[in-house]
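In what follows, a structure is listed as structure tokens, so that the remarks can point back to it.
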Amino acid sequence: MTSYLIKGAAPLGAGPVDILVEDGVLRSIVAAGTASADGAEVVDATGLIALPGLVDLHTHLREPGREDAETVETGTQAAALGGFTAVHAMANTDPVADTAGVVEQVWRLGREAGHCDVFPVGAVTVGLAGERLAELGAMADSAARVRVFSDDGRCVADPVLMRRALEYVRAFDGLVAQHAQEPRLTEEAQMNEGELSGRLGLRGWPAVAEEAIIARDCLLAAHVGSRLHVCHLSTAGSVEIVRWAKARSRAEGGWEVTAEVCPHHLLLTDELAATYDPIYKVNPPLRTSADVEALRAGLADGTIDAVATDHAPHPHEDKDCEWQAAAFGMLGLETALSVVQQTMVDTGLLDWAGVAERMSHAPARIGRLDGHGRALAEGEPANLVLYDPGVRRTVDPAEGASLSRNTPYAGMELPGRVVATFLRGRPTVIDGKQS
Amino acid sequence: MKKHLLSAADLTRGDALLVLRTAEELRSLADRPIKKLPALRGRTIVNLFFEDSTRTRISFEAAAKRLSADVINFSAKGSSLSKGESLKDTALTLEAMGADAVVVRHWASGAPHLLANAGWSRSSVINAGDGTHEHPTQALLDAFTMWRHLTADPGQGLDGRRVAIVGDILHSRVARSNALLLNTLGAEVTLVAPPTLLPYGVESWPVETSYDLDAVLPKSDVVMMLRVQKERMNLSGGGFFPTVREYSRRYGLDSRRMAQLQDHTIVMHPGPMNRGMEITADVADSKRSVIVEQVTNGVAVRMAVLYLLLGGNESAIGGARAEAGTEPSIPTTDGADA
């Protein structure tokens, strides 16, 4: 296996070092300019920040079933280009990932592609129908070793079913990741319910529909002593509820709530719906600037544990139509780090160590991934990303590795660029390109 | 005027008054034996209807034909569940046929906006009702009807006039467009509905709101009743009110309530009416009712809109291009084409 000497990288933005990557691990980390190559391939990382390989808790790879939108191959290429070394593949495929067979298939496709580790998420209920539990234990015991379960795209709305799921997954240290959306309050909902939805004549998706489920689930998790993860927080009220729940769980112990936020909810607002361009249609919807501020503050103070992309590829025709007819979702893997830099780092809310925590360490802990989210320290697995925060780029959807082009950032200038990604010592991206 | 008419908010006060004055000129045509002008001869206007609406379609069709335009009716049925023909492919087809204007009715809010801005077509787009968003020509014909009854001076708007719009505001594109346009014209609008049928965030609209019809009626110069679908009371339809009877009692216009109105106050309804629900038959057929006149005015207003969007700056019968900002004069000689 080729060794690499990464020269002059700044781990978490600190002073520059030379990093020798050998046999899949970080063999040595020494002061910049003091390491000798000794036959290793040299990577000039002057001016680049080194972060642990990013971990996404929330990715839609679309395979099996919607290979016209994305495949495991293309989705993991996009992930690597975005600096990710591990992604959790959501279960809303066709067939649904609700059996050991499907999760093993996705896991195997990820291994064969080799661009980044793929950890399948198992469906909580059979067919995502919200009626009865899927064979969660079989998925946990399968080769895919599923630990995160979610009906994402749908809410586990039935309170008894949610309670049972929270209880049941304790047997294998599993986690239920809830898509918090009260279904009756959001029938045919199209965008954030507010003054603008009334004016645009688009059915509103009220904040309370998210917050009511989060509050209920936090109380359930406390009651049964389980781990709950809340997907894609989008409202200021949700941040408040999670903040309250975390304080309570710290005091009581024995249960835990974690939460994630998507890059688009940190940057974009519902005002974009006024264009009626469904590129901005996403679930949960883009909210107000007050919500954006609260989400940023929540991510900064640790109320929100992780950034997760909710990368949701859709073929062009599903976005090139009337808003009401269009699919929900937007791409995220290849722009996540740039959006986090712009919204969190350049604003002074997080330093690079904070970014590593929210985009690597925390999501790896939540997903119980041993080989990811580790410190940049000698002897650790060589999963890392080299990032240039000093450049700016204009997003061109055609340049992406994703099969789909539904990025809301097209034409937008964002800071930073992933220069290289290493997965267990092997570069999956080098010079900003697929390796 | 802008190239498209997508929202009542696209119209400045000057634009709106120009439409009203132009409609007034064109309306006189309805009383002539030959109701046709050559103004848009050779122009192609497509009525593109993704949702059934016989009234609006024939109103636009009559308007276009009276201006001698060629009219193509295109019905592309579909719903949000079965998408049917895509808006994009339809737009490309119409573009290939060389449509000058597309009059579009669509079940999806914002579809005309998309048609005008997605780069699929160069035609002028006229919103003939989109989802629960807007219906600007309905607002224009309503304003025109009010203007003819309440204002003697053609230079005036509807300043200080009080208009009550009553009923299912939440789902009404007519109410949205009327609120915007009437505000532009200086009228004071009060939306009257049960709280469940007022849109979220209505406080930020340039209108008053009330839950009490009886309190609003005596001071209104215009009472506009909106259609309320019976299905809205079912839980599957939203559960917005308990029963039809209760709705009628609290928000219906009957002869007892009509007696509270000032002498000059007119009663309007965009149609189709639910007689016995939001309006009783005796009110609908009373002397105050201008509901049938609204239909006549609809043709005149739509003629004015088509004329101003397509021919307003250049006379269709060989006149020089009008100066920007000056009012076009409408050629009134009869083209008498085949």
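Letters A, B, ... mirror the listed sequences (proteins, then strands); counts begin at 1.
- Proximity to chain A is limited to the side chain of B:His106, based on heavy atoms less than 4.5 angstrom apart.
- Within the model, atoms CG of B:Leu6 and OH of A:Tyr276 stand 9.5 Å from one another, a figure rounded to the nearest 0.5 Å.
- Environment of CZ in B:Arg227: crowded, with over 12 heavy atoms of neighbouring residues, nucleotides or ligands closer than 6.0 Å.
- Taking both residues in full, the closest heavy atoms of B:Pro199 and A:Gly198 are given as CB-CA, 4.3 Å, listed atom of the first, atom of the second, then distance.
- Between chain B and the options A:Glu187, A:Arg203, A:Glu193, the largest number of non-hydrogen pairs under 4.5 Å is found for A:Glu193.
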Decide side-chain contact (heavy atoms from CB on, under 4.5 Å) for A:Asp320 and B:Trp120; before the verdict, give the C-alpha distance in whole Å, the side-chain angles of both, and the deciding distance to 0.1 Å.
-> CA-CA 11 Å; A:Asp320 199 22; B:Trp120 300 330; 3.3 Å; yes
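- Counting heavy-atom neighbours within 6.0 Å of B:Lys3 NZ, excluding the residue itself, gives a total above 12.
- At a 4.5 Å heavy-atom cutoff, the contact between A:Arg184 and chain B is made by side-chain atoms alone.
- Contacts of A:Ala274 with chain B are made by backbone atoms alone, with heavy-atom separations under 4.5 Å and no side-chain atom involved.
- Going from atom CZ of A:Arg199 over to atom CG of B:Leu180 covers 8.5 Å, rounded to the nearest 0.5 Å.
- The candidate from A:Leu196, A:Asp277, A:Leu200 with the greatest count of non-hydrogen atom pairs under 4.5 Å with chain B is A:Leu200.
- Here the closest heavy-atom approach between residue A:His316 and residue B:Lys88 is recorded as NE2-NZ, 4.3 Å.
- Expressed to the nearest 0.5 Å, how far NE2 of B:His133 lies from CH2 of A:Trp323 amounts to 12.5 Å.
- Other residues, nucleotides and ligands place more than 12 heavy atoms under 6.0 Å from the CD atom of B:Glu246.
- Within a 6.0 Å radius of CZ in A:Arg405, no more than 12 heavy atoms belonging to other residues, nucleotides or ligands are found.
- Among all heavy-atom pairs drawn from B:Thr132 and A:Leu202, the shortest one is OG1-N, 4.5 Å.
- In this structure, B:Ala108 and A:Glu322 approach most closely via the heavy-atom pair CB-CB, 3.7 Å.
- Environment of CZ in B:Arg13: crowded, with over 12 heavy atoms of neighbouring residues, nucleotides or ligands closer than 6.0 Å.
- The nearest pair of heavy atoms linking A:Thr275 to B:His113 is O-ND1, 3.5 Å.
- A donor-acceptor pair under 3.5 Å links the side-chain atoms of A:Gln324 to the main chain of B:Ser109, judged by distance alone.
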